[in-house]
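The structure under discussion appears below in the form of structure tokens.
By convention in this document, chain letters (A, B, ...) are assigned in the order of the sequence lines, proteins followed by strands, and residues within each chain are numbered from 1.
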Amino acid sequence: MIKNQLPYSHSSVTDQIKDHFIDVSDFVFLESSLTDLIVIYLETMVDMSILEQFFLTPVKELNKETITPDKLKDILPLTFTETKDLQQIYDNLLRGWTYIICSGTEKGFLGNTSKKIARSFSAAEVESQIIGPQIAFIESLDANLGLLRLTITDANLKAVRLQTGIRTKTHLEVLYIEKQANPEQVRILINRINAIQNEDIMTSSALIQMIKDNIWSIFPQMYLTERPDRVSNMLLNGKIIILVDGSPQAIVAPSTFYDFFQSAEELYSNWLVGMFIRFVRLFAVFISTFLTPIYVAAVTFHYQVIPPYLLVSLAESRSKVPFPPLFEALLLDFIIELLREAGARMPNKVGQTMGVVGGIVIGEAAVQAGFTSNILIMLIALSALASFSSPSYPMSMTLRLIRFPMTILAGLMGGIGIMMGAAILLIHLLRQESVGESYFPLPLPVNKAKLRNGLLRAQYLLFSKQALYNGTDDWSFNTKKKRKQDIDE
Amino acid sequence: MSGTVQAKANLKFNAILLIFVIHTSRLGVGILGFQRFVVKESGQDAWISVIIIGLLSHISAFLIVKTLAKYDSLDLYGIHEDLYGRWLGILFNLLYIIYLFAGVLVVLRTYIEAVQAFIFPEIPTWLLTLCMLFLVIYGVFGGLRSIVGICFFSFFCSFIMLLFLAYSLKYAEWSYLFPFMEADLGNLVKGASKVGLTMIGWETIYFLYPYVKDKKYTQKYTQYGVLTSNLIFVSVMVITIVYFSKEQLLKTVWATLSLLKIIQFPFLERFEYVAIPIWLLVVLPNMLLFSWAASRGIKQVFRIRQGTALYMFCIMVFVASILFTTREQVSKLNTLVSIYSVYITIVYPVMLFIIATIMFKWKSCKKRIIK
């Protein structure tokens, strides 16, 4: 790209900037007759107190005769730099910087006077936790990066700044800890982001859709979190983080399937408790995906598997229902989705009331009216509940969506249908990759460090102290050997 | 060397996974009802027949890995072309592909028969065939890595399902095992030859070898895989013998499934309705591995893309599968494949090892003479 250099005459510079910002109401072009200076900024983006304190006040004290560009440089704060690049001036003015130029010369200075337009930090709401730090990311990139620097005080935490979008010019930050992250994966991610340079992106979850490995897969392949402590933890484990300006969620890559069922809370609680929570979650995945299909398959085709006394109560509750089990299950599943969606969109005050109306009244009335059976309502509610046990919202949405084709398969082919669905799911998961790494790695002691905090959550002492990337596929660990202690020693 | 498999580093898998792959490639539909044929020949000593085949499988697997180790990164197709020359090599490769084809066909048809016999008597064969072949195509297109992954999960499935067999030990009549060694050696060997179809599968190492990351462990983990599956075969055989009387067993087509039938839980009865669907996950790796190996062979022989080869292979399996309409035809196919599989998996590897050794000796002699 040919850069727009300042032309010879300064009047045309200011004219060009004026032309560029024509019909922009918050554009300010101050021409001081007293000092022969021109100050240019965008009113809405500039912090007036900074502008006054560090710049306008010192300038006012100068005399007209003594103003030269060199003199100006002396009184301006250090952060002001001389520039002639017109494109840079445009871009930075739009970010709240101020451009200042002596009339009659071609030397102008650009400095950051931007106002911080962001809310203050607050507690994490989507991924709330009982133990551990409560703070969550906000919409400002710099503030988020600062939060991470508070935890990881190490110059090895590298931050590569990128930019995408023709109109939004969104800033991105790719973070990784050198010698722990795989440099090849860092390169791949940066290349992928550079490849979509012209896309205007609003938020990190939209970015994921563009840079994930298999854009057709229903599974989220990069973890999205609003918790700085989780991100720091991931960084220390050699993962790569992408922060997007204007988005309070960080992207973690590469992620495995198991990552979506972990939260930082397990690491903060006792290891047995942590392991227990993790197994509850994995069990919940199973329930939310297979419980309704198993019911549909058993009632439609394999009623022989149900023991007689259970069959009696089941038949009793289904005796008034005029629909086939498949239709009944899909109907109820759909109603639950309806409740969830309406609950999410409704204003808070109405939401609770409607939740009660929807959940209790519709549920009770549906059974009374003979639309569905009690047992199915219980199972559907259970699987809806189970699907939310994943700490990652995108993953829980995926789990809910998978249930529908599973139920249909079960309704068409019974147990064989369920297993067909399960096999497709398994093959699909095994085929996926996240930044070139296996998305669904086999839980084998091939990589001991990953196993200890993968499926399991082992004792802290069993974790490897440092996982260093040594340039090959093998990972080496420094583990200290401890002397065994005897009884009463 | 022509036909050298240059596997990329990220496509290779750890040697330890061979345990699961070899184990699951041996466990398939056969185990659901192989007991009848063996007991017919060797009576209550049928488990000795199973052990005989088990020992032979260890030896055969040992020689297969030895043969493969002579060539560093060749699979069976490459070895054929190297030993026999281009045209004779192609002939042998084609024969092997036909064997793999028959293997897939037998697994597919037998599983469908089990489904039709126990769960859905009315379900059309073509529908199930189509569904299973879809899974095969989807899985093989995922590459060897996803096949190995499926094998891993299938391994645990098969173990858990067979643990349930222990339930029937409650009703075991241990005296059925005696008199010990009533059958003579001839009967035992005859019985062993009948297990062939059920216990084959370790020959897949012929095709997997180039993809093993740490090749020096291949022998060790292959033997482990053969061992775990042998243990399962023997224990299933013993459990069957002590549960059924001989007359009853000779009339039972699906002996293992009949064993599972008696399992009862407070929330579950008729366990075979659960077992047969889950067995899909045990059968699938068989079909995936065989189809993968066959499509690699077709690729090598006809010089086409492996994806195209896979589609061709699956279409052929589909057509062949719906050509078999009656139960008798399927069991005839089983008997036929059973006879040849013993030769292909036990006799042929020994021959190939001897031929390869002679060739290598001869080559090194020739080199010495030239020097």
Side-chain angles (χ1 to χ4, degrees), chain A residues 182 184-185 214 217 257 290-291 293-295 297-311 313-314 375 409-410 412-433 435-448 472-474, chain B residues 9-10 12-17 19-20 111-112 115 118-120 123 127-128 131-132 134-143 145-157 213-214 261 264-285 288:
Chain A
N182 184 340
E184 178 64 17
Q185 288 173 345
N214 178 2
S217 174
F257 183 71
F290 292 112
L291 195 61
I294 286 174
Y295 169 84
V299 175
T300 317
F301 298 106
H302 315 308
Y303 46 86
Q304 298 97 323
V305 300
I306 308 166
Y309 48 90
L310 199 64
L311 193 64
S313 61
L314 199 70
I375 291 181
L409 274 174
L412 292 179
M413 290 173 80
I416 299 281
I418 295 178
M419 279 320 284
M420 291 264 179
I424 292 174
L425 211 60
L426 198 59
I427 297 173
H428 178 80
L429 282 173
L430 284 164
R431 285 179 67 154
Q432 301 313 309
E433 288 184 341
V435 203
E437 209 173 86
S438 175
Y439 178 63
F440 196 63
L442 305 177
L444 269 182
V446 172
N447 189 336
K448 281 180 185 154
T472 61
D473 283 340
D474 301 317
Chain B
N10 63 337
K12 292 188 175 179
F13 59 90
N14 283 65
I16 194 168
L17 289 168
I19 298 180
F20 310 109
Y111 182 70
I112 289 175
V115 171
F118 279 88
I119 307 184
F120 296 120
I123 198 163
L127 180 66
L128 271 179
C131 290
M132 306 263 288
F134 168 75
L135 288 179
V136 168
I137 289 174
Y138 192 53
V140 175
F141 263 95
R145 209 182 59 178
S146 59
I147 299 177
V148 172
I150 292 276
C151 288
F152 178 79
F153 289 98
S154 159
F155 177 82
F156 290 102
C157 261
K213 208 185 268 171
D214 26 12
K261 242 182 186 171
Q264 276 187 345
F265 293 108
F267 53 91
L268 195 69
E269 272 184 4
R270 300 293 294 274
F271 199 69
E272 80 272 17
Y273 279 88
V274 181
I276 292 176
I278 290 183
W279 214 252
L280 175 70
L281 216 55
V282 180
V283 170
L284 191 60
L288 285 172

**Complete:** Answer key: most heavy-atom pairs under 4.5 Å with chain B among A297(A), G415(A), P307(A) is P307(A)
**Complete:** From the list L429(A), L426(A), I294(A), I418(A), the residue making the most non-hydrogen contacts under 4.5 Å with chain B is L426(A)
**Asked** Is it the backbone or the side chain of I147(B) that comes under 4.5 Å from a heavy atom of chain A, or both, or neither?
**Response** neither
**Prompt:** Side-chain contact, heavy-atom cut-off 4.5 Å: I123(B) with I416(A)?
**Reply:** no
**Message:** Ring centroids only, cut at 6.0 angstrom: are F301(A) and F120(B) within range, meaning strictly under it?
**Reply:** yes
**Asked** Contact part of L268(B) toward chain A, heavy-atom cut-off under 4.5 Å: side chain, backbone, both or neither?
**Response** both
**Prompt:** With a 4.5 angstrom heavy-atom cut-off, which part of L280(B) approaches chain A: side chain, backbone, both or neither?
**Reply:** side chain
**Asked** If you count heavy-atom pairs under 4.5 Å between each of G414(A), S438(A), A298(A) and chain B, which one has the most?
**Response** S438(A)
**Item:** F271(B) versus chain A, the contacting section by heavy-atom distance below 4.5 Å
**Value:** neither
**Prompt:** If you take all heavy atoms of I427(A) and L284(B), which pair is closest and at what distance?
**Reply:** CD1-CD2, 4.3 Å
**Message:** Can you tell me if F265(B) has over 12 outside heavy atoms packed within less than 6.0 Å of its CZ?
**Reply:** yes
**Request:** Enter the distance from M419(A):CE to L281(B):CG here, rounded to the nearest 0.5 Å.
**Result:** 4.5 Å
**Asked** Given that the side chain runs from C-beta out, which part of F118(B) has a heavy atom under 4.5 Å from chain A: side chain, backbone, both or neither?
**Response** neither
**Message:** Between R145(B) and L430(A), is there a side-chain heavy-atom distance shorter than 4.5 Å?
**Reply:** no
**Prompt:** What are the two closest heavy atoms between R270(B) and V305(A), and how far apart are they?
**Reply:** O-CG1, 3.7 Å
**Message:** Looking at Y138(B), is its backbone amide N or carbonyl O close enough to the side chain of R431(A) to form a donor-acceptor pair, meaning the two atoms are under 3.5 Å apart?
**Reply:** yes
**Request:** Indicate the atoms forming the closest heavy-atom contact of Q304(A) with E269(B), along with that distance.
**Result:** O-CB, 4.0 Å
